[in-house]
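One structure is given here, and the rest of the page talks about it.
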Amino acid sequence: MSVILVFLLLGILSSITAAESIGVCYGVLGDSLPSKQEVVDLYESNGIGKMRIYFPEPDTLEALKGSGIELIMDVAKESLQSLTDQNAAMDWVNTNVVPYAQEVNIKYISVGNEIRPDYNEAQYILPAMTNIHNAISSLNLQAQIKVSTAIDSTLISNPYPPNDGVFNSQSYIIPIVEFLKNIGAPLLTNIYPYFAYIGDKENIPLEYALFTQQGENSVGYQNLFDAMLDSVYAALEKAGAGDVKIVVSESGWPSAGGDGASVENAATYYANLIAHAKSGSGTPKRPGGSIETYLFAMFNENNKQGEESEKHFGLFTPDKSPKYQLTFN
């Protein structure tokens, strides 16, 4: 076998592994968390092939060098306004991308996470996305690194039945979606059946949210995750961007702190989501493919603000012990 053929086969196998692996979001708002290198080692030892971080953190980026782990790197919320200036965006890329691009597999840059139209930062999202993309392109990295933003389900009206899904606040989101279509980038979307379930328990069975329902409902869905994801695809289609791919940039279930939040339910949700995302079955609107998915999150974050449940999404404890028996790859 020739050396060239060996490298081709290795490349094919690598791409298959990457396509099938599940990501996990690495939030750091917890006490007594392991070192950055220990965290990267934990990803590798568990076969977790993708990571999301919520701001550029040099120690994490250094630890990722040579790992091959695919990375979503967010722009910190506090930086969004400054990046409406092209020179500042170039400086951001020179600081946070250029020193690592050859050895860290940066796949997506998320310019904003769950920035809603009524937030002050909303006005900065598209200009900052444009400037970061231009900076990436000026370095000829645009094929390797795609620029996007992460939305949540509050931007979708009429989510059920899923085919009725449509973007609200269209003056905010439609130009962003058109930009993604033009540059060939996906829309990052945080999908949380847990929050949909606790918001409407009268109409949403727990089994439907946990992937344990037997058979399809009246509109052809067996689980809430697919219904929520397809409502975003329906909105993209109505916006003339049906070919824009969705990457599920967060999804999880808490083990404590709220209705339906338990270790048992969380273990069921994560295991079934991993199996479903990797199965190749896709969703009713996008059948026949794996769903690129990032679980939330690597560790509990006891310092997070908000509802108590927000502190209990971790898959591992600070001593690196698994909370659940999950197979990621």
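Just so it is clear, the model here is predicted, and its values are computed rather than measured.
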(request) Report yes if some heavy atom in the side chain of Val111 is under 4.5 Å from a heavy atom in the side chain of Leu80; otherwise report no. (result) yes
(message) Are Leu187 and Tyr119 connected into the same hydrophobic cluster when the rule is that any two of I, L, V, M, F, W, Y join if their side-chain heavy atoms are below 4.5 Å apart?
(response) yes
(request) Check the pair Tyr54, Tyr26 against side chain to side chain contact (heavy atoms under 4.5 Å, CB included), reporting the backbone distance first and the verdict last. (result) CA-CA 8 Å; Tyr54 291 91; Tyr26 173 30; over 6 Å; no
(request) Kindly indicate whether the side chain of Asn265, heavy atoms from C-beta on, has any atom under 4.5 Å from the side chain of Leu210. (result) yes
(request) Treating Ile, Leu, Val, Met, Phe, Trp and Tyr as nodes and any side-chain heavy-atom pair under 4.5 angstrom as an edge, say whether Leu188 and Ile22 lie in one connected cluster. (result) no
(message) Just so I know, are the side chains of Thr212 and Asn272 near enough to count as touching, which here means a heavy-atom distance under 4.5 Å?
(response) yes
(message) Could you tell me if the side chain of Val98 sits less than 4.5 Å from the side chain of Leu139, heavy atoms only?
(response) yes
(message) Please report the interatomic distance CG(Asn190) to OG(Ser153), rounded to the nearest 0.5 Å.
(response) 9.0 Å
(request) Please say which of Tyr269, Tyr294, Tyr270 ends up in a side chain to side chain donor-acceptor pair (under 3.5 Å) with Ser251. (result) Tyr269
Pair up each side-chain donor or acceptor in residues 71-79 with any protein partner under 3.5 Å, not counting sequence neighbours, and list the distances.
unit_1, atom_1, unit_2, atom_2, d
Asp74, OD1, Arg52, NE, 3.0
Asp74, OD1, Arg52, NH2, 3.4
Asp74, OD2, Arg52, NH2, 2.8

(request) Would you check if Met298 and Leu33 make a side-chain contact, meaning some heavy-atom pair closer than 4.5 Å? (result) no
(message) For His276 and Phe211, take the angle between the two ring planes, folded into 0 to 90°, and tell me which bin it lands in: parallel under 30, tilted 30 to 60, perpendicular over 60.
(response) tilted
(request) Identify, with sequence neighbours excluded, every residue that meets side chain to side chain contact (heavy atoms under 4.5 Å, CB included) alongside Val263. (result) Ser255, Tyr324
(request) Verify, without hydrogens or angle tests, whether Asn131 (side chain) and Leu83 (backbone) share a donor-acceptor contact under 3.5 angstrom. (result) yes
(message) Looking at Asn329, is its backbone amide N or carbonyl O close enough to the side chain of Lys278 to form a donor-acceptor pair, meaning the two atoms are under 3.5 Å apart?
(response) yes
(message) Please give me the minimum heavy-atom distance between Ala267 and Leu326, naming the atom from each residue.
(response) O-CD2, 4.3 Å
(message) Under the rule for side-chain hydrogen bond (donor to acceptor under 3.5 Å, both in side chains), what residues qualify as partners of Glu57, not counting sequence neighbours?
(response) Thr60
(request) Please lay out, stage by stage, how Ile274 and Thr327 fare under the test side chain to side chain contact (heavy atoms under 4.5 Å, CB included). (result) CA-CA 8 Å; Ile274 291 169; Thr327 300; over 6 Å; no
(message) Counting C-beta onward and ignoring hydrogens, is there a side-chain heavy-atom pair between Phe316 and Val24 closer than 4.5 Å?
(response) no
(request) Start with the C-alpha distance between Glu178 and Asn182, add both sets of side-chain angles, then the distance that settles side chain to side chain donor-acceptor pair (under 3.5 Å), and finish with yes or no. (result) CA-CA 6 Å; Glu178 289 175 344; Asn182 289 338; over 6 Å; no
(request) May I ask you to decide whether Lys146 forms a salt bridge with Glu70, counting only side-chain N to carboxylate O separations under 4.0 Å? (result) no
(request) Sequence neighbours left out, what passes side chain to side chain contact (heavy atoms under 4.5 Å, CB included) with Ala88? Give chain and number order. (result) Asp85
(request) State which residues pass side-chain hydrogen bond (donor to acceptor under 3.5 Å, both in side chains) with Asn46; sequence neighbours excluded, sorted by chain then number. (result) none
(request) Quick one: pull up CD1 in Ile106 and CG in Asn96 and give me the separation to the nearest 0.5 Å. (result) 8.5 Å
(message) In the structure I gave you, are the side-chain heavy atoms of Ser148 and Leu180 within less than 4.5 Å of one another anywhere?
(response) yes
(message) List the residues meeting ring pair (Phe, Tyr, Trp, His ring centres under 6.0 Å) with Phe179, not counting sequence neighbours, and say none if there are none.
(response) His133
(request) Determine, using the 4.5 Å side-chain heavy-atom cutoff (strictly less than), whether Val28 and Leu295 are members of one ILVMFWY cluster. (result) yes
(message) Tell me whether Thr149 contacts the main-chain N or O of Ser110 through its side chain, where contact means a donor paired with an acceptor under 3.5 Å.
(response) no
(request) Report the residues that fulfil salt bridge (Lys or Arg N to Asp or Glu O under 4.0 Å) with Glu216, sequence neighbours left out, ordered by chain and then residue number. (result) none
(message) Any carboxylate oxygen within less than 4.0 angstrom of a Lys/Arg side-chain nitrogen, looking at Lys285 and Asp226?
(response) no
(request) Show your reasoning for whether side chain to side chain contact (heavy atoms under 4.5 Å, CB included) applies to Thr317 and Lys323. (result) CA-CA 7 Å; Thr317 63; Lys323 283 169 66 177; 3.9 Å; yes
(request) List for me each residue that meets side chain to side chain contact (heavy atoms under 4.5 Å, CB included) alongside Lys245, sequence neighbours excluded, and say none if there are none. (result) Tyr108, Pro186, Tyr233, Val247, Glu292
(request) Would you please classify the geometry between the Tyr194 ring and the Trp253 ring as parallel, tilted or perpendicular, with 30° and 60° separating the classes? (result) perpendicular
(message) Distance check, rounded to the nearest 0.5 Å: Gln123 atom CD versus Thr84 atom OG1?
(response) 8.5 Å
(request) Check the hydrophobic clustering (I, L, V, M, F, W, Y; side-chain heavy atoms under 4.5 Å; chains of links allowed) and say if Tyr160 and Val166 are grouped together. (result) no
(message) Tell me every residue that passes salt bridge (Lys or Arg N to Asp or Glu O under 4.0 Å) with Lys238, counting only those two or more places apart in sequence or in another chain.
(response) none
(message) Are Asn113 and Ile115 packed together at the side-chain level, in the sense that at least one heavy-atom pair is separated by less than 4.5 angstrom?
(response) no
(message) Count I, L, V, M, F, W, Y as connected when their side-chain heavy atoms are under 4.5 Å apart, and connections chain through other members. Are Phe55 and Trp92 then in the same cluster?
(response) yes
(message) Under a 4.0 Å threshold between the charged nitrogen and the carboxylate oxygen, would Lys65 count as salt-bridged to Glu62?
(response) yes
(message) Quick check: closest heavy atoms across Gln170 and Pro175, and the distance to 0.1 Å?
(response) O-CD, 3.6 Å
(request) Work out which heavy atom in Ile145 is nearest to a heavy atom in Val97; give both atom names and the distance. (result) CD1-CG1, 3.7 Å
(request) Could you pull out all residues at least two apart from Tyr100 that satisfy side-chain hydrogen bond (donor to acceptor under 3.5 Å, both in side chains)? (result) none
(request) List the atom of Ile156, the atom of Ser231, and the distance in Å for their closest heavy-atom pair. (result) CG2-OG, 3.9 Å
(message) So which atom in Ile125 and which in Tyr172 form the shortest heavy-atom distance, rounded to 0.1 Å?
(response) CG1-OH, 3.7 Å
(request) Please list, chain by chain and in numerical order, all residues satisfying side chain to side chain contact (heavy atoms under 4.5 Å, CB included) with Lys320, sequence neighbours excluded. (result) Pro34, Glu38, Leu42
(message) For Tyr208 and Asn217, which I'm curious about, is there any donor-acceptor pair between the side chains at under 3.5 Å?
(response) yes
(request) For Val177 and Ala239, work out which heavy atoms get closest and say how close. (result) CG1-CB, 4.5 Å
(message) For the residue pair Tyr221 / Asp230, report whether a side-chain donor-acceptor contact shorter than 3.5 Å exists.
(response) yes
Let me check something: any side-chain donor-acceptor pairs from residues 307-315 under 3.5 Å, sequence neighbours excluded? List them with distances.
unit_1, atom_1, unit_2, atom_2, d
Glu308, OE2, His312, NE2, 2.9

(message) side chain to side chain contact (heavy atoms under 4.5 Å, CB included) for Glu301 and Phe296? Distances and angles first, verdict last.
(response) CA-CA 11 Å; Glu301 294 181 271; Phe296 190 87; 3.6 Å; yes
(request) Calculate, to the nearest 0.5 Å, the distance between atoms OG1 and CD belonging to Thr293 and Glu250 respectively. (result) 12.0 Å
